[in-house]
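What follows is a set of notes on a single structure, which appears directly below.
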Amino acid sequence: MNSIAQTDFLVIGAGVAGLRAALELAPHGLVLVVTKEAVRESNTHYAQGGIAVAMEGSEDVALHLEDTIVAGDGLVAHAAAEALVNEGPLRVAELIEGGANFDREGDTLLRTREAAHSRPRILHANGDATGAEIGRALAELARKNANIRFAEWTTVTNLVIADGYVAGADLLDRDGKLERVATRAVLIAAGGAGQVYSHTTNPAVATGDGVALAARAGAELADMEFYQFHPTALALPGVPAFLLSEALRGEGAYLRNDRGERFMERYDKRLELAPRDVVARAVFREGMGAAPGETRPVYLDMRHVAGIDLHKRFPGISGFLAQHGLDLHRNQIPIRPAAHYMMGGIRIDLDGRTNVRGLYAAGEAACTGLHGANRLASNSLLEGLVFGARAGRAILADGLPQTNAGQREPAKQSAMPIEPIETILGAILRELHQRMDHCAGLVREDAGLREGLAAQARCSVKLNEPAQVSAPSRRLIEAQSLCLVAGAILRSALARTESRGAHFRADYPQRDDAHFRKHSVYAPQQDAIRFEAW
Ligand code: SIN
């Protein structure tokens, strides 16, 4: 990291929301984009299926709104969803103008369908690499802009608050060098926290650092109980939970159990294209097996799909499957649900403002209530574009002053070699994963959530030891972030004594609109939860 003591705007995260915000801010000052690895390594890069957008006029805008609201199971914040569907077409048109290439036939953009969409409106790129193409186009625009600088392989350890404003941040580079950067505003767009569960479609960087930074700075979190599990991640022993895009079902894939039954017939009349929470729970139930701890195989089956070359339509997925001896045309593909998307996050208004002055958030790290209890497929890339741009505009409109960020405390020297610290952190994270899978996965209940909270508290205490004796490290910060996020999920899930969207309580299996048609708001510093309608 080249030394940067001051910037006008600090953006944490280089996915779609962070890059879009940086482009909005750049004409008005210096922007520093900080990211833990190389720019491409974000949830955005791994998004396969596409970007949902109504570009066929006002009728489809209205239908896109309705689909988003229905999928969200009674909890979608309408104003946020309206902003998404109304502003989405312009943001996507700008992106195409800026160089993003979506798949076309001749001049016509190709559109596919995914679960809970009433019509095909999902644009895609290179078949199944839509996020990578959007990320590439935005990063190229940002790299050409002289006002945008990048600090790659850099972890934010701490936000600096002075006179009630966010005044800067402490950055740790991969050589262990710490530096304080003063800034007028910080935008957190650091993505989700899939790594809080042991099976996730998210890359290793998705450890909820942005949420944890904001929470420690005094920001409120919202809807943290709603963690979306994708129904179809690859289930092969020793192989990561590779995403098998919902677009496969959009192109006709069936889901079958080990008896060959197309089991969605028993769960929902929309079959494989029912909302994601419904399909994920059905896959989970079919795979649970007869005895405790036993699992049964569940499959995605496209062998019947004719008239389409699946290798051409889904080159990334086909290539990955081929490495494991599987072929979409010839084999049933073993699947399992895996943690995929955090519907909750840092509570923001429609323009990215948190309750901490100078601190903004956008994208998966943030929560407007847009997704309600269950995100509609392929709405997340659009969310990043629309709300990244809105947050950028709000930062400019707020015209915050530069406050004195003060001096950083000298970095502590490690009193313990790295090796034992890595071992301690590995053991703590294994315990956290096990408890989160068991207590806060697709099916939850009171006793399990309390057990999970007790385990989370133990992990938090155990993390104090390495935190006291070691110099700051990325691994330690990630473990602390995951532990904080786990606590927020567990507390919020315990407080919501109903079932809705991605949050299913075996002990409260019904949706309870009379009490819970509201968003949960968690104030980490008071450790208090309340419910609010908005
Ligand atoms: C997928 O391709 O299935 C992921 C789309 C999404 O998460 O919206």
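Just the heavy atoms: all of them, side chains too, but no hydrogens, waters or symmetry mates, feed the values below. Whatever order the structure lists them in is the order used to number ligands and atoms, beginning at 1.
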I'd like to check whether [X] has a polar contact with ligand 1, where a contact means an N/O of the residue lying under 3.5 Å from an N/O of the ligand.
| X | answer |
| --- | --- |
| Glu114 | no |
| Ala377 | no |
| Arg375 | yes |

Report summary line: ligand 1 atoms nearer than 4.0 angstrom to some heavy atom of His340 are 4 (C), 6 (C), 7 (O)

Query - Subset of ligand 1 atoms that lie under 4.0 Å from at least one heavy atom of Gly49 - result: 1 (C), 2 (O)

Query raised in the report: Is the charged tip of Arg281 near the ring of Tyr267: under 6.0 Å from the six-membered ring centre and within 45° of its axis?
Result: no

Query raised in the report: Taking the six-membered ring of Phe516, is NZ or CZ of Arg505 closer than 6.0 Å to its centre and within 45° of its axis?
Result: no

Query raised in the report: What protein heavy atom is closest to atom 3 (O) of ligand 1, reported as residue, atom name and distance in Å?
Result: Glu246 N, 2.6 Å

Report summary line: Among non-hydrogen protein atoms, atom 8 (O) of ligand 1 lies closest to Ser378 N, 2.5 Å

Query raised in the report: Considering only heavy atoms from C-beta outward, does the side chain of Arg500 approach that of Asp513 to under 4.5 Å?
Result: yes

Query raised in the report: Quick one: does Gln228 get within less than 4.0 Å of ligand 1, heavy atoms only?
Result: no

Requested in this report: Check whether any heavy atom of Ala47 sits under 4.0 Å from an atom of ligand 1.
Outcome: no

Query raised in the report: Quick check: are there more than 12 heavy atoms from other residues, nucleotides or ligands sitting under 6.0 Å from CD of Glu261?
Result: yes

Query raised in the report: Any idea which of Arg276, Glu383, Gln48 brings a heavy atom closest to atom 5 (C) of ligand 1?
Result: Arg276

Query - Ile348 to Ala361 - nearest heavy-atom pair and separation - result: CD1-O, 3.5 Å

Requested in this report: Have a look at His371 and tell me which of Tyr341, Phe387, Phe226 forms a ring-ring contact (aromatic ring centres under 6.0 Å, His included) with it.
Outcome: Tyr341

Query raised in the report: Using the benzene-type ring in the case of Trp, are the ring centres of Tyr197 and Phe229 under 6.0 Å apart?
Result: yes

